Amino acid sequence: DGAFDLRRNELYNISLPIVAIVPRSNGDTIVAVVSPSVASDFIHTAHAFHVNLLLTYSVKHSDTFSYSIGIGHSPDATVYGLMPVFSFDWQMTPDWSMHLNGLRFSVMRNMGEGLAVGLFADGAGGSWSVDSEVGTRMLRVRSMVLGVTAEYDFSKPGQAKRLATLSLGSTVITAADLCEYDSDTDRVEGHHYNPGFFLSGEVDFRF
């Protein structure tokens, strides 16, 4: 719900990430990602297609700490298109770990039997091509989310990691902007929204 006059409130995002991982002899890793994406209300597809890019260099500092630095390109998700990227994984104790992955920060406790639970803070949202009463516009939504998360590793011995993740929380700050395409001052109209319920589930199969 909101003050924007859109012809359809249901929004969709379909993407196909293609990842190249290049290990180096010193243990470091170069990762390159190309992710074509279509994001739209699917009343039409004008301006809905774009390509996200990511290039990172990962360093394994020790058995308990690793980090990555790089740069990402997302033409519709950010105002300027380019953004710096930093992430890390820190195994603080055998039972506690801390992670920063993209916009998601989490502290997890290993409960045994493949289960880990913890707290997280995350940036959520996206951008979609939408049909409004004034024509094709880009709807950009950005939220800060706080909550609890659970992660279950259900891979069998000898298999690549397989994870199921469930996160439950609340949006704390949400801003939505209706923008023009190909304009230096692209913001046409903006609104802020009250906190709302957040639920996210994910299954990750690795090969």
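Position 1 is the first residue of the sequence; numbering continues from there. Keep in mind the model is a prediction, meaning the values are calculated, not measured.
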Under 3.5 Å, which donor-acceptor pairs link side chains of residues 144-155 to any protein atom two or more places apart or in another chain?
{"residue": "Thr149", "atom": "OG1", "partner": "Arg104", "partner atom": "NH2", "Å": "3.2"}
{"residue": "Thr149", "atom": "OG1", "partner": "Leu166", "partner atom": "O", "Å": "3.3"}
{"residue": "Thr149", "atom": "OG1", "partner": "Ser167", "partner atom": "OG", "Å": "3.0"}
{"residue": "Asp153", "atom": "OD1", "partner": "Ser155", "partner atom": "N", "Å": "3.1"}
{"residue": "Asp153", "atom": "OD1", "partner": "Ser155", "partner atom": "OG", "Å": "2.6"}

Report all side-chain donor-acceptor pairs from residues 194-205 shorter than 3.5 Å, counting only partners two or more places apart or in another chain.
{"residue": "Asp204", "atom": "OD2", "partner": "Arg206", "partner atom": "NE", "Å": "3.0"}
{"residue": "Asp204", "atom": "OD2", "partner": "Arg206", "partner atom": "NH2", "Å": "3.1"}

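To the nearest 0.5 Å, the span separating CG on Asp177 from CE on Met138 amounts to 8.5 Å. Once rounded to the nearest 0.5 Å, the distance linking OG of Ser127 with CZ of Arg137 reads 15.5 Å. For the atom pair CG of Leu16 and OG of Ser35, the computed distance is 7.0 Å after rounding to the nearest 0.5 Å. Atom NE2 of His99 sits about 14.0 Å away from atom CZ of Phe120, to the nearest 0.5 Å. Atom CG in Leu115 sits 8.0 Å away from atom CE in Met108 (nearest 0.5 Å). Rounding to the nearest 0.5 Å gives a distance of 15.5 Å between CD1 of Ile173 and OH of Tyr193.
Side-chain contact between Phe88 and His61 is absent, with no heavy atoms from C-beta onward closer than 4.5 Å. Proximity of Leu53 to Val34: side-chain heavy atoms (C-beta onward) are separated by under 4.5 Å at one or more points. Using a 4.5 Å heavy-atom threshold, the side chains of Ser129 and Thr136 count as touching. At a threshold of 4.5 Å between non-hydrogen side-chain atoms, the residues Met98 and Met92 count as touching. Residues Asp89 and Gln91 form no side-chain contact, since every pair of their non-hydrogen atoms from C-beta on lies 4.5 Å or further apart.
The backbone N or O of Ala124 lies less than 3.5 Å from no partner atom in the side chain of Asp122, so there is not a single donor-acceptor pair. Side-chain atoms of Thr93 come within 3.5 Å of backbone atoms of Asp95 as a donor-acceptor pair (strictly under, hydrogens ignored). The backbone N or O of Tyr57 sits nowhere less than 3.5 Å from a side-chain atom of Asp28 that would complete a donor-acceptor pair.
Listed here is the closest heavy atom pair of Leu139 and Leu11: CD2-CD1, 3.7 Å. A pairwise comparison of heavy atoms in Arg109 and Trp96 identifies NH1-NE1, 3.2 Å as the closest pair. Counting all heavy atoms, side chain and backbone alike, Trp128 lies closest to Ser40 at CD1-N, 3.8 Å. In this structure, Val19 and Ile21 approach most closely via the heavy-atom pair CG1-CG1, 3.9 Å.
No continuous path of hydrophobic side-chain contacts links Leu119 to Val172 [ILVMFWY only; heavy atoms under 4.5 Å]. Criterion: ILVMFWY side-chain heavy atoms under 4.5 Å apart, direct or through other members. Under it, Leu178 and Val141 are part of a common hydrophobic cluster. Under the 4.5 Å side-chain contact rule for hydrophobic residues, Val38 and Tyr12 share a cluster. Linking ILVMFWY residues whenever their side-chain heavy atoms come closer than 4.5 Å, directly or via other members, leaves Val107 and Met111 in distinct clusters. Under a hydrophobic-cluster definition in which Ile, Leu, Val, Met, Phe, Trp and Tyr are linked whenever side-chain heavy atoms come within less than 4.5 Å, directly or via other members, Val51 and Val31 are assigned to different clusters.
The 12-atom threshold is exceeded at CZ of Arg8, counting heavy atoms of other residues, nucleotides or ligands nearer than 6.0 Å. Summarising the local packing, CG of Asp63 is surrounded by 12 or fewer heavy atoms from other residues, nucleotides or ligands at distances under 6.0 Å.
If you check the side chains of Ser87 and Asn101, you find no donor sitting under 3.5 Å from an acceptor.
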Legend entry - Working for side-chain hydrogen bond (donor to acceptor under 3.5 Å, both in side chains), residues Ser37 and Asn13: CA-CA 7 Å; Ser37 176; Asn13 189 317; 3.1 Å; yes
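For Thr174, the side chain to side chain donor-acceptor pair (under 3.5 Å) partners two or more places apart in sequence, or in a different chain, are Ser143.
Here the options are Leu103, Thr56, Leu55, the test is side-chain contact (heavy atoms from CB on, under 4.5 Å), and the partner is Val85; only Thr56 passes.
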